[in-house]
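Step one of this worksheet: look at the structure below.
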Amino acid sequence: MPGVSQGQDDRRLGCVGRFDVRLRHRSARSERFAREKGMTVRVRYAPSPTGYQHFGNLRTAVFNYLFARKHGGVFVLRIEDTDRERSKKEYEDLIREDFEWLGIAIDESPWHGGEYGPYRQSERLHIYKEHLERLVKKDMVFRCFCEGEGEPEAEKKQVVSPDPCRFLPAEDVKRFEKEGRPFCWRFATPRDAIVRFKDLVRGNVRVKASEVTDFVVIKQDGMPTYHFGVVVDDALMKITHVIRGRDHLTNTANHWLLYDAFGYEKPTWCHISRTSKLKKREMLDALDHLEMGVRPKKPIPVIGYRKLGYLPEAIVNYSALLGWHPRDEIEKFNLDDKIEEFDPKDLTKGDSAFDISKFNWLSEKYIKEADIDRLSELARPFFEAADITPPEDKLYLRLIDALRGKCAMVSELPPRFVPFIGGVKLAEDGRKTLQEPGAKKVLGLIVNKMEAKTDLKPEDFDPIIREVGEELGVKGKNLFFPIRSSIIGTPHGPMMSLYLEIFGKDEVLRRLRAGIGE
RNA sequence: GGCAGGUUAGUGUAACGGUCAGCACGCAAGGUUUUCAUCCUUGUAUCACGGGUUCAAAUCCCGUACCUGUCGCCA
């Protein structure tokens, strides 16, 4: 049984299966309702294809996904493309690609199909029309002839409720229609209703209908507004739990009233906190300035991380961490392993902020622990893009493995190969190191010892270096920096033994001698 | 402005009347060490503020401040 505590409610109500006469919306109990009535839990993620997806959206989808899986339910994706101006096919394609890339399984969608389709609002216009008729018949909507096709920038007109057009004399309405004046349909909000519902994260919510304006349901262009589309579609698609962003919390009153107007059974609402630090402008700007191998300083849309070579698991994992955390406090986890544990009531009420350094930390972890063959294959395109030719198979794998530490994105790998495939390019810090007083002496002795040894193996390198250190009384940086600098051009890098393995004795000797010459 | 929601270390969070307020990232200091890598140790919060209720409050109540959302023919 889902871990929602509901014993108290049940006791008070005495029975389950009947709706509270006070119009109280069924609450968290609905999970039980659903089971007892043999209903399937159905949730949905309903993006509008007007921009890129980012962590904020993604985590809404992730929580929906977890909830669906936990209850053996269905995860629906619906495209809300009622904004004719801003909706773009390419954004919809991107949404699809993102999900496929991230490995989040969707059950019903425009591209997966399903028995409650179509799943694109622009293809459901006839349904909205029919629903509008129903409200017209019940006299619950009215035409509004006011000017003002939404100019968001325009000064906000004083909220007037009810809307003046609601009381337009019938003859005026007739005349305006005859004149062909454009109009939209508004909902005639019942003045005295009180909206109450229980939110899975917020608890009891109560809104007076008198605070709800006579909102638009059908726009002048015939498209439904968000409020209208959402309610009609969620109802028809048999959505049982609406898990969405907190910004819709106050809108829920509108939706509640619409459900009532249609006589549809209401879903359980669950408003999750928002994610701050995700400024659309900045994200788009950062996306325009992507540079392979360079970690973005600011958050970017999912497509950006995809391009840079972040691993999808890291993204999914981190998005689940935004407003939720596992009980065992282990933050790196596989989404599917958390299905049982997930419970909306554990979601944070406060907003959460995207922390790019923590995200990078997680990503590094994923890359460090990734399957080496898979990582190698993932990396190939990035070598091409960087115009760096990777070495052949065995060496390639070896280097990927040796150089993957502290790598948050795959595109960081190719540049690290450079010291191993071309000649030495002395970096500034490398040059400086070689100029240090004892540097040449260290290199000289190493060369001598290496030359003396006939059958030199990679694992012999360490002992030799140690001997040199002891004999010269040098250790730490003074010992290792010059060696590494002459071999790869910079004092920092992977373990010493790797060099002999990769380059072989002759090449290492050549580089060490060259270092002495610097 | 009305309405709604939020406020625990720099960040993400735990705790749901009784713990020296726990964990993680970051940062700082120290140790190990072949590195500004790894690993280990330590430090980093008088729980926004002010009042209450209580033997006891981060936890309950009220007020204030600040942040956010909504009040669009955007979703």
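Computed from a predicted model, the values in this text were never measured in an experiment. In what follows, chains carry the letters A, B, and so on, assigned in the order in which the sequence lines appear, proteins first and then strands, with residues in each chain numbered from 1.
Taking 4.0 angstrom as the limit, A/T82 places a side-chain polar atom (N or O) nearer than this to OP1 or OP2 of B/A75. For the pair A/K332 and B/C23, the criterion of a side-chain N or O lying under 4.0 Å from OP1 or OP2 is not met. For A/K365, no side-chain nitrogen or oxygen approaches OP1 or OP2 of B/C25 to under 4.0 Å. The side chain of A/S352 places an N or O atom within less than 4.0 Å of a non-bridging phosphate oxygen (OP1 or OP2) of B/U13. One finds a side-chain N or O of A/T348 lying less than 4.0 angstrom from the OP1 or OP2 phosphate oxygen of B/U13. Between A/K208 and B/A4, a side-chain N or O to OP1/OP2 separation shorter than 4.0 Å is absent. For B/U38, neither phosphate oxygen OP1 nor OP2 lies less than 4.0 angstrom from any side-chain nitrogen or oxygen of A/K368.
Only A/S48, listed by number, bring a heavy atom of residues 43-59 of chain A to less than 4.0 angstrom from any atom of RNA chain B. Residues from residues 320-329 of chain A that place a heavy atom under 4.0 Å from any atom of RNA chain B, listed by number: A/L321, A/G323, A/H325, A/E329.
When distances are taken from the side chain of A/L249 to each of B/G12, B/A4, B/A75, the shortest belongs to B/A4. Nearest nucleotide to the A/M495 side chain, out of B/A75, B/C73, B/A37: B/A37. Of all nucleotides listed (B/C25, B/U38, B/G69), B/U38 comes nearest to the side chain of A/K406.
Straight-line distance between the C1' atoms of B/U44 and B/G10: roughly 10 Å, to the nearest whole Å.
Ring pair A/F183/A/W185 is perpendicular by interplanar angle, where above 60° counts as perpendicular and below 30° as parallel. Ring-plane geometry between A/W324 and A/F333 is classed as perpendicular, the angle between the planes exceeding 60 degrees on a 0 to 90 degree scale with a lower cut at 30.
Within 4.0 Å (heavy atoms only), A/F481 reaches sugar-phosphate atoms of the nucleic acid but no base atom. In this structure, A/S273 reaches neither bases nor backbone, as no heavy-atom distance under 4.0 Å exists between it and the strands shown. Within the nucleic acid shown, A/D83 comes within 4.0 Å of sugar-phosphate atoms alone, with no base atom in reach, counting heavy atoms only.
In terms of modelled atom types and a separation under 3.5 Å, the side chain of A/Y226 and the main chain of A/T82 share no donor-acceptor contact.
Applying the 3.5 Å distance criterion, the base of B/C73 shares a donor-acceptor pair with the side chain of A/Q220.
Going from atom CZ of A/R202 over to atom P of B/G6 covers 6 Å, rounded to whole Å.
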**Asked** According to the Watson-Crick and G-U wobble definition with distances under 3.5 Å, which dot-bracket string, read 5' to 3', encodes RNA chain B, using [ ] for crossing pairs and | for pairs with another strand?
**Response** (((((((..((((....[...))))((((((.......))))))...(((((..]....))))))))))))....

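Both tests do not hold together for A/R78 against A/Y119: distance to the six-membered ring centre under 6.0 Å, angle to the ring axis within 45°.
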